[in-house]
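This structure is a prediction, so every number in the text was calculated from the model and none was measured. Letters A, B, ... mirror the listed sequences (proteins, then strands); counts begin at 1.
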Amino acid sequence: MGGRPFDRRVLARDAVEVAPRLLGSLLTHRTTEGSVTVRLTEVEAYRGDGQDPGSHAFRGMTPRNAVMFDEPGHLYAYFTYGMHTCVNVVCSPAGSASAVLLRAGEVVSGVELARERRTSARNDRDLARGPARLTVALGLTLADNGSDPFAAPFELTARSGQPAISSGPRVGVSGAGGGAAYPWRFWVTDDPTVSIYRRHRAASD
DNA sequence: TATCTGATTTCCT
DNA sequence: GGAAATCAGATAG
């Protein structure tokens, strides 16, 4: 790796500020099988202060999203669509419940292990191209909900340079939370591993 | 190559 | 009981 650790204090800010700073960072997860490292290329910010209808925390704390209300720097893993697990990094001070959804990344280390976990991926580019795929590639499950990405078996490394960043409407957020009113999706400009699911399922009216 | 639809569990109302 | 921060496979062009 060679990089320095990601500054945990950055996560005390609002998710909308944290999200672009996470782009390009390296997230490593070690298991008995080995370790996989992903360079984050796409993220989404979710606010939990009641201003964001797309957030799981919009209606207040529930057993599922309780981790979002915890201190910054935890992982929030949730299950959706009956078969997929997605992972967020919790931001902002305890009580405000904002988080950054990790939407896509590039596997930069442990590629072979990631391939075993993602047998349906046709090429290495698809290994972590999408929120649920990224979760699988890293070997994360619901059991990792509440984990600390700054402690073993995790490692969060700051990016070395300043990537070109684009932003736009969030994906997959239905109802009032979608659309141009909340341009809180951030990605590394022109990166091939940015997810492609943004065509159909446009914000319904 | 681009677009569309079914799958399937968890949590919340 | 229904919706959900999605994915992979099938079908059409």
S.K.: Counting side-chain heavy atoms from CB outward, which of dT9(B), dA5(C), dT6(C) is closest to His84(A)?
M.R.: dT6(C)
S.K.: Looking at every heavy atom in both Asp49(A) and Arg47(A), which two are closest together, and how far apart are they?
M.R.: OD2-NH2, 3.4 Å
S.K.: What is the distance, rounded to the nearest whole Å, between atom CG of Asn123(A) and atom P of dT1(B)?
M.R.: 12 Å
S.K.: Between dT10(B), dA8(C), dT6(C), spot the one nearest the side chain of Arg103(A), thanks.
M.R.: dT6(C)
S.K.: Send over the distance from Tyr76(A) OH to dA5(C) C1', rounded to a whole Å.
M.R.: 9 Å
S.K.: Is the aromatic ring centre of Tyr46(A) closer than 5.5 Å to the centre of the six-membered base ring of dA5(C), with the two planes inclined by less than 30°?
M.R.: yes
S.K.: I need the CG-C1' distance between Asn65(A) and dC12(B), as an integer number of Å.
M.R.: 10 Å
S.K.: Picking from dC11(B), dT13(B), dC7(C), which would you name as closest to the side chain of Arg64(A)?
M.R.: dC11(B)
S.K.: I need the CZ-P distance between Arg117(A) and dC7(C), as an integer number of Å.
M.R.: 17 Å
S.K.: Please say yes or no: joined through hydrophobic side-chain contacts below 4.5 Å, possibly via intermediate residues, are Phe79(A) and Val87(A) part of one cluster?
M.R.: no
S.K.: Atom NE2 of His56(A) and atom P of dA5(C): how far apart are they, to the nearest Å?
M.R.: 4 Å
S.K.: Check the distance between dA5(C)'s P and Leu101(A)'s CG and give it to me in whole angstrom.
M.R.: 10 Å
S.K.: Can you find a side chain N or O atom of Arg185(A) that sits less than 4.0 Å from OP1 or OP2 on dA5(C)?
M.R.: no
S.K.: Taking the six-membered ring for Trp, does Tyr81(A) stack with dT6(C) (centroid gap under 5.5 Å, planes within less than 30°)?
M.R.: yes
S.K.: According to a strict under-4.0 Å criterion, is Ser120(A) in side-chain N/O contact with OP1 or OP2 of dA8(C)?
M.R.: yes
S.K.: Roughly, in whole Å, what's the span from CE in Met83(A) to C1' in dA8(C)?
M.R.: 9 Å
S.K.: The side chain of Tyr78(A) lies closest to which of these nucleotides: dT6(C), dT10(B), dA5(C)?
M.R.: dA5(C)
S.K.: Who does dA7(B) pair with, Watson-Crick or G-U, both distances under 3.5 Å?
M.R.: dT6(C)
S.K.: Is the terminal nitrogen or CZ of Arg170(A) (NZ for Lys, CZ for Arg) located under 6.0 angstrom from the six-membered ring centre of Phe186(A) and within 45° of that ring's axis?
M.R.: no
S.K.: Is it true that Arg30(A) and Glu155(A) have a side-chain N and a carboxylate O under 4.0 angstrom from each other?
M.R.: yes
S.K.: Just the rounded figure in Å: distance from P of dT6(C) to CG of Leu102(A).
M.R.: 13 Å
S.K.: Does dA12(C) pair with anything, Watson-Crick or G-U wobble, both distances under 3.5 Å, and if so, with which nucleotide?
M.R.: dT1(B)
S.K.: Can you check whether Arg133(A) has a side-chain N or O nearer than 4.0 Å to OP1 or OP2 of dA8(C)?
M.R.: yes
S.K.: Side chains of Tyr78(A) and Thr85(A): closer than 4.5 Å at any heavy-atom pair?
M.R.: no
S.K.: Which residue, Leu142(A) or Arg122(A), contacts DNA chain B at a nucleotide closer to its 5' end, judged by nearest heavy atom?
M.R.: Arg122(A)
